[in-house]
Structures are given as structure tokens and as C-alpha cells.
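Quantities reported herein were computed from a predicted structural model and do not represent experimental measurements.
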Amino acid sequence: IFDGRVQVKGCEIIPVAMAPEEAFHRAFRYQEFDISELSLSNYMNVTANGTSHYAAIPVFPSRLFRHSSIYIRADRGIERPQDLAGKIVGVPEYQMTAAVWLRGILQDEYGLKPSAMRWRNGGLEEPGRKPRVTFELPADVELKPIPMTETLSQHLDEGKIDALITALAPSCFGRNPQVRRLFSDYRAAEEDYFRRTRIFPIMHVIGIRKSLIAQHPWLAVNVYNAFIEAKKICYANLQKIGHLFTTLPWPVDEFERAKALMGEDFWSYGVSGNVKEIETVTRYSFEQGLTARKLTAEDLFVPSTFELAKV
């Protein structure tokens with residue numbers, strides 16, 4: 001879509017590439033874009049409270065197992081997930097999708113409720129970060145901001161917090177020997193999680209401005225079809241063995257390994273192929289107090305994208 005090989009029928013696309021964090025900030029706060037990648041958790045929040053300017057299509061540009069995203073102090077006696085009970089855990093935004101998934105997994109898989117930990121939020125590497133959306137947490141959950149002049153990476157580095165959940169690796173990781181991952185072999189943990197649950201967590205969705213869909217009812221499906229076509233090109237490139245598509249020595253073997261574990265269309269789009277993921281993340285969001293009601297797929301996605309025409 002960005003290089004023009006795939007067109008959105010009926011549209012002139014002006015692509016603007018940026019980091020997801022910047023796109024989220026500009027989309028949720030200022031609605032700067034007609035079509036934008038969105039944080040799934042933040043989108044669920046504004047959808048539930050009726051303030052979303054965007055409607056999503058079931059395209060998931062970011063999916064990730066998040067066992068790799070828990071960083072701990074090695075000197076706090078944390079050897080397994082259950083050892084996080086009673087600990088101080090930092091998170092850039094309590095409602096960020098990675099944290100929603102991990103808190104749900106900690107509760108479902110290890111019996112560790114969010115209230116069992118004490119939460120601190122703030123900027124990971126830059127001080128002064130504030131939540132993008134508003135929410136009301138359960139009374140038994142402690143969430144406090146760190147000082148506006150300090151960062152979570154600094155707090156983990158100095159031992160002011162015991163653990164950190166973050167989508168991006170903190171700068172102290174790899175430099176401070178006291179900072180390590182909770183799941184040292186996170187790939188093995190994530191593969192085991194998938195084998196047992198068949199869940200590949202969804203992080204982001206694609207949102208389209210509601211006012212545009214109202215004016216052009218065909219727009220949602222046309223954008224959806226373009227992303228489906230683009231994904232087919234991506235799959236084709238990943239299996240090319242004659243000249244490699246990525247700067248990795250064995251990407252084709254990695255591609256085949258993923259398909260063997262997760263199926264041919266392991267990065268699936270659409271509602272029907274992601275029922276378990278959608279049901280799970282909406283339940284987590286509601287249980288954690290981030291949405292006032294449990295959402296459904298019908299609440300989240302444009303109805304016309306649920307079933308496409310077949311020949």
C-alpha cells in the first residue's frame with residue numbers, strides 16, 4: 001500500500017510512515033488521519049465510552065506474543081510469574097495493549113490477579129508521559145505515577161521498581177546485569193502458550209474515520225481488501241529462497257516453522273479467524289476496568305467486513 005503496488009480502490013492514498021506511538025497520540029488526541037493504525041486497547045476504551053472518531057476493520061498490523069515484555073530485577077527473588085505478587089511493577093500506560101494481554105495471561109495462566117501487584121506508570125525513556133484515554137480501575141488495584149521528571153527505565157535501573165512491562169526494551173536492559181527478562185527463553189514460553197491456547201495476541205487494528213465511512217459506505221471493505229492483498233504479497237516475499245526478502249540468514253526456514261506451528265495463514269485477518277483472540281482481549285479489558293462493558297466483535301468492527309463476497 002505504501003509503495004503503490006496495492007491500491008485502495010476508489011481512493012488516492014497519501015501514506016505517512018511513523019512509529020506507532022506517534023500515530024496513536026496524533027490519532028486519538030487530534031484525529032489527524034483518515035485511516036490510521038490504532039492501539040487495540042485504547043480503541044476498545046473509546047469505543048466503549050462512545051467517544052471514538054474511528055471505526056476499525058479486522059486488519060491487525062501488529063501481533064505479538066508478549067512473554068518477552070516483562071523485565072525484572074534479578075535481585076528481588078523473582079524466578080517465576082507468581083513471584084511478582086506484592087511487587088512494584090512499572091508500565092508506560094496501564095491500558096496499553098501489551099499490558100492488557102500480559103495481565104490477563106498472568107491471571108489465566110498463573111493465578112496472579114492485577115491487584116496482587118502495585119503499579120507505577122510514566123514515560124519509559126522520556127519523562128512526563130500521560131495516559132491517552134481515561135478509565136476507572138477497580139478499587140483494589142493500586143496505580144500511581146512516577147515523578148514527572150523521571151523515567152521507568154531509570155527506576156528499573158536504580159531498583160525503585162521490581163519489574164517492568166513494556167513493549168520496547170528499556171535502555172537499562174543489556175547494560176545493567178541486574179535487569180533481565182522474566183522469561184529468559186521467551187520463545188519457548190510463547191510457543192507453549194500458543195500450542196495450549198491457539199491464541200496469537202492482537203496488538204493493533206486499522207481505524208477509519210467514521211465520518212468518511214458514513215459518506216462512503218464502500219470504503220471499509222475496499223481498505224480491508226487492500227490490506228488482504230498486501231499480506232499475500234508479504235507471504236510470497238517471505239518464502240522466496242532465491243534472493244532473501246529480509247536481512248536474516250534463514251527467513252524462509254523461519255516462515256515454514258511458523259506455518260508448521262500456527263497454520264498456513266498464521267497472521268490472519270478477519271473476525272471469523274480471530275474469534276478466540278477478540279473474545280479474550282475484550283474480556284481482559286472489561287475485567288481490568290478499562291472498559292465499562294464487555295465489547296463484542298460487532299462493537300469493534302465495521303459490519304460490512306465480517307463477510308466478503310465470494311466467487
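Placement of Y71 and M117 in two distinct hydrophobic clusters is found when ILVMFWY residues are connected by side-chain heavy-atom separations under 4.5 Å, directly or transitively. Cluster annotation: L124 is not connected to L182 through the hydrophobic network of ILVMFWY side chains, with a link wherever side-chain heavy atoms come within less than 4.5 Å. Note on Y284: it does not cluster hydrophobically with V275, by side-chain heavy-atom contacts below 4.5 Å among ILVMFWY residues. Hydrophobic clustering places I213 together with V46 (ILVMFWY residues linked when any side-chain heavy atoms are closer than 4.5 Å, directly or through intermediates).
Checked by atom type, the side-chain pair N49/R293 shows no donor-acceptor distance below 3.5 Å. Using modelled atom types, one finds a donor on one side chain and an acceptor on the other under 3.5 Å when comparing D299 with T296. A donor-acceptor pair shorter than 3.5 Å can be found between the side chains of E125 and S171. Side chains of S285 and N45: no donor on one and acceptor on the other come within 3.5 Å.
The aromatic rings of Y235 and F266 sit tilted, their planes meeting at an angle between 30° and 60°. Note on ring orientation: taking the six-membered ring where Trp is involved, the planes of W218 and H216 are tilted (angle from 30° to 60°). Ring pair F183/Y110 is tilted by interplanar angle, where 30° to 60° counts as tilted.
The closest side-chain heavy-atom distance from F200 to S268 is not below 4.5 Å. Side-chain contact between I72 and D162 is absent, with no heavy-atom pair separated by less than 4.5 Å. A heavy-atom distance below 4.5 Å is not found between the side chains of R120 and V89. Side-chain contact check for H204 versus F24: some heavy-atom pair is nearer than 4.5 Å.
Enclosure of atom NZ in K259 by more than 12 non-hydrogen atoms of other residues, nucleotides or ligands within 6.0 angstrom is indicated. Within 6.0 Å of the CD atom in Q215, the count of heavy atoms belonging to other residues, nucleotides or ligands exceeds 12. By the neighbour-count criterion of 12 heavy atoms within 6.0 Å, atom CD of E298 is densely surrounded, having more than that number from other residues, nucleotides or ligands. The environment of K9 atom NZ is sparse: at most 12 non-hydrogen atoms of other residues, nucleotides or ligands sit within 6.0 angstrom.
In terms of modelled atom types and a separation under 3.5 Å, the side chain of Q7 and the main chain of G4 share a donor-acceptor contact. Not a single donor-acceptor pair under 3.5 Å links the side chain of T166 to the backbone N or O of A169. Although no hydrogens or angles enter the test, the distance criterion places a donor-acceptor pair under 3.5 Å between the side chain of T197 and the main chain of I199. Under a 3.5 Å cut-off, the side chain of K240 and the backbone N or O of A236 do not form any donor-acceptor pair. A side-chain donor-acceptor contact under 3.5 Å links Y43 to the backbone of L300. Put simply, the side chain of R209 gets close to the backbone of F33: a donor and an acceptor are under 3.5 Å apart. A donor-acceptor contact shorter than 3.5 Å links the side chain of R73 to the backbone of L156.
When all heavy atoms are compared, the tightest approach of G289 to P138 is CA-CD, 4.1 Å. The two atoms that bring R63 and W267 nearest to each other are N-CZ2, 3.3 Å, heavy atoms only. Here the closest heavy-atom approach between residue L40 and residue T97 is recorded as N-OG1, 3.5 Å. Counting all heavy atoms, side chain and backbone alike, L106 lies closest to L84 at CD1-CD1, 4.2 Å. Minimum interatomic distance between M203 and L64 (heavy atoms only, all atoms of both residues): CE-O, 3.2 Å. The two atoms that bring M44 and L295 nearest to each other are O-CD1, 3.4 Å, heavy atoms only.
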**Report entry** salt bridge (Lys or Arg N to Asp or Glu O under 4.0 Å) between E190 and R66, worked out
**Finding:** CA-CA 8 Å; E190 291 168 353; R66 283 298 183 183; over 6 Å; no
Query raised in the report: R187 and D192: salt bridge (Lys or Arg N to Asp or Glu O under 4.0 Å), yes or no, with the steps?
Result: CA-CA 8 Å; R187 176 161 185 162; D192 175 67; over 6 Å; no
Requested in this report: Assess whether salt bridge (Lys or Arg N to Asp or Glu O under 4.0 Å) is satisfied between R26 and E21, documenting all intermediate values.
Outcome: CA-CA 9 Å; R26 294 170 64 177; E21 292 80 9; over 6 Å; no
**Report entry** Derivation and outcome, salt bridge (Lys or Arg N to Asp or Glu O under 4.0 Å), residues K294 and E279
**Finding:** CA-CA 9 Å; K294 185 185 177 302; E279 169 63 24; 3.0 Å; yes
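Taking the ring axis of W119 as reference, the NZ or CZ atom of R103 stays within 45° of it and closer than 6.0 Å to the ring centre. Geometrically, K210 does not engage Y54 in a cation-pi contact defined by less than 6.0 Å to the ring centre and at most 45° from the axis.
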